[in-house]
**Q** 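Please find one structure pasted underneath; my questions will follow.
In what follows, every chain begins at residue 1, and chains take the letters A, B, ... in the order their sequences are listed.
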2 protein chains.
Amino acid sequence: MAEHSHDHAASGHDDAPDHDHGHDHTHDHGSAPAKLTRNQTLVYGALSRAGGPLTAYTILDQLRDDGFRAPLQVYRALEKLVEFGMVHRLESLNAFVACSHPQCVDHETMAFAICEACGSVSEFADAAITRQLKGWAGNNGFALAKTTIELRGTCRSCQAAV
Amino acid sequence: MAEHSHDHAASGHDDAPDHDHGHDHTHDHGSAPAKLTRNQTLVYGALSRAGGPLTAYTILDQLRDDGFRAPLQVYRALEKLVEFGMVHRLESLNAFVACSHPQCVDHETMAFAICEACGSVSEFADAAITRQLKGWAGNNGFALAKTTIELRGTCRSCQAAV
DNA sequence: TCAGAGTTGTAATGTTATAACAAGAATTGC
DNA sequence: GCAATTCTTGTTATAACATTACAACTCTGA
Ligand SMILES: [Zn+2]
Ligand SMILES: [Zn+2]
Ligand SMILES: [Zn+2]
Ligand SMILES: [Zn+2]
């Protein structure tokens with residue numbers, strides 16, 4: 001059960017997220033790009049700095065100074081980044097978050113725990129759940145393309161802070 | 001592993017979905033209403049007839065003749081129906097579907113398999129997955145409020161039809 | 001240099017969801 | 001019955017999220 005959390009509130013965002021991103025990756029979803037385009041780099045940078053989920057329009061606002069003018073610039077970059085497996089879309093939030101894998105796990109069946117108090121997101125993988133879902137799909141002749149698993153609730157530190 | 005599918009395309013929708021809905025239920029999510037309001041009845045009827053997911057605006061269009069004029073009329077009814085456990089929201093589709101439980105299962109951790117070819121949705125519960133998610137939540141001090149599990153892919157019959 | 005592919009810019013539009021406020025029904029207590 | 005209260009509804013306007021369509025630019029490989 002791999003786990004890692006990006007904590008939204010926490011972590012003074014160090015600038016200069018390593019954009020061009022070595023990409024020794026050999027496993028990525030789609031193609032692993034040798035290098036990101038300018039817009040992709042900027043969008044990925046915004047998500048990395050944030051350390052938590054952002055909506056496309058929030059990203060747009062953050063990139064005005066970099067010349068971004070229209071939502072499509074953001075959505076196009078996000079589409080690619082998701083394809084590359086570097087960013088996940090959170091369906092229940094209509095938002096996007098940089099992937100937080102320690103090092104390149106499965107990446108097909110990630111789960112996300114979203115705190116409704118502070119907005120932090122924890123990404124984790126659970127082999128048993130993956131196995132179970134694939135099992136259901138197999139038993140029901142369902143060709144599984146993608147799974148969405150999102151937990152809503154209150155994280156430990158927000159519960160502590162009564 | 002309870003399962004039941006509403007098949008969108010299939011099933012000639014018999015009219016007159018039993019609206020007022022006996023409601024012997026004793027387990028529902030929020031309160032179990034003795035009787036639905038007019039708008040709730042109409043919205044639930046539309047979803048039942050459809051036998052598959054509908055967006056709020058599609059429902060609105062279908063209920064023009066019944067006097068519906070504004071999205072809020074639909075959203076308000078949906079909010080209650082979801083609260084009652086009679087309707088589920090599909091996050092990855094921004095749509096709503098009538099619950100298809102054979103008879104009142106857990107209802108807290110349902111999963112949905114959505115066919116991207118025909119739009120059909122199968123709702124199922126899997127105890128192992130539920131256990132696993134609650135386990136993660138317990139281990140991580142996460143107070144679980146709601147879970148979303150949605151599978152995207154191609155259903156058996158759409159695969160058959162090459 | 002040229003053709004083709006991929007990326008970008010921009011405007012317009014489409015789709016999904018909520019805020020704010022007034023008015024109408026149903027319920028409760030008297 | 002008849003307030004007082006609460007819930008439900010109607011309506012307008014607006015916010016938030018996402019895509020279509022088209023033209024221009026850039027990069028790559030003949
Ligand atoms: Zn990830
Ligand atoms: Zn929190
Ligand atoms: Zn259900
Ligand atoms: Zn299908």
**Q** Looking only at the side chain of B:L72 (C-beta and beyond, no hydrogens), which of the listed nucleotides C:dT7, C:dT18, C:dT16 gets closest?
**A**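 The answer is C:dT18.
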**Q** Using atom CZ of A:R69 as one end and atom P of C:dA12 as the other, report the distance to the nearest whole Å.
**A**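 Interatomic distance, CZ of A:R69 to P of C:dA12: 15 Å.
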**Q** Looking at the side chain of A:P71, which of D:dG10, D:dT19, C:dT18 is the nearest nucleotide?
**A** D:dT19
**Q** Of all the nucleotides listed (D:dA18, D:dT8, C:dT18), which has the minimum atom distance to the side chain of A:R89?
**A** D:dA18
**Q** Within this structure, what is the NZ-to-C1' distance between B:K35 and C:dT27, rounded to whole angstrom?
**A** 14 Å
**Q** Looking at the base of C:dG6, is there any donor atom on it, or on the side chain of A:R76, that sits under 3.5 Å from an acceptor on the other one?
**A** no
**Q** Please pick, from C:dA17, D:dC17, D:dT8, the nucleotide with the shortest atom-to-atom distance to any side-chain atom of A:N94.
**A**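 Of the candidates, D:dC17 comes closest.
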**Q** Phosphate oxygens OP1/OP2 of C:dT8: is one of them under 4.0 Å from a side-chain N or O of A:Q73?
**A** no
**Q** Nearest whole angstrom, please: distance from the P of C:dT7 to the OH of A:Y75.
**A**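 In whole Å, C:dT7 P and A:Y75 OH are 20 Å from each other.
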**Q** As a test of understanding, state which of A:T130, A:I129, A:D126 forms a side chain to side chain contact (heavy atoms under 4.5 Å, CB included) with A:I149.
**A** A:I129
**Q** Between A:H88 and A:F112 (judged by ring centroids, cut-off 6.0 Å), do the two rings come close enough to count as a pair?
**A**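 Yes.
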**Q** Rounded to whole Å, how long is the line connecting atom CG of A:L93 with atom C1' of D:dA18?
**A**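 After rounding, the gap between these two atoms is 16 Å.
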**Q** Between A:T55 and B:A77, who's closer to the 5' end of DNA chain D by nearest nucleotide?
**A**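 Residue closer to the 5' terminus by nearest nucleotide: B:A77.
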**Q** Which nucleotide, C:dT16, D:dT9, D:dA18, lies nearest any side-chain atom of B:Y57?
**A** C:dT16
**Q** If you compare every side-chain N and O of B:T37 against the phosphate oxygens of D:dT9 (OP1, OP2), does one of them come in below 4.0 Å?
**A**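 Checking B:T37 against D:dT9: at least one side-chain N or O falls below 4.0 Å of OP1 or OP2.
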**Q** If you compare all heavy atoms of B:L78 against all heavy atoms of B:A56, which two are closest, and at what distance to 0.1 Å?
**A** CD1-CB, 4.1 Å
**Q** Give the rounded distance in Å between these two atoms: CZ of B:R38 and C1' of D:dT9.
**A**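 B:R38 atom CZ is separated from D:dT9 atom C1' by 11 Å.
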**Q** In whole angstrom, give the distance that lies between atom CG of A:L63 and atom P of C:dG9.
**A** 11 Å
**Q** Does the pair B:R152/B:E150 count as a salt bridge with the N-to-O cut at 4.0 Å?
**A**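 Result for this pair is no, no salt bridge flagged.
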**Q** Take atom CG of A:D66 and atom P of C:dG9, then tell me their distance rounded to the nearest Å.
**A** 11 Å
**Q** Rounded off to whole Å, could you give me the CD-to-P distance for the B:E91 and D:dA18 pair?
**A**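 After rounding, the reported distance stands at 12 Å.
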**Q** Nearest of C:dT8, C:dT10, C:dT16 to any side-chain atom of A:A70?
**A** C:dT10
**Q** Regarding A:T154 and A:Q159, do their side chains bring together a donor and an acceptor under 3.5 Å, going by distance alone?
**A** no
**Q** Nearest to the side chain of B:K80, heavy atoms from C-beta on, is which of C:dT7, D:dT8, C:dT18?
**A**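 Between C:dT7, D:dT8, C:dT18, the one nearest the side chain of B:K80 would be D:dT8.
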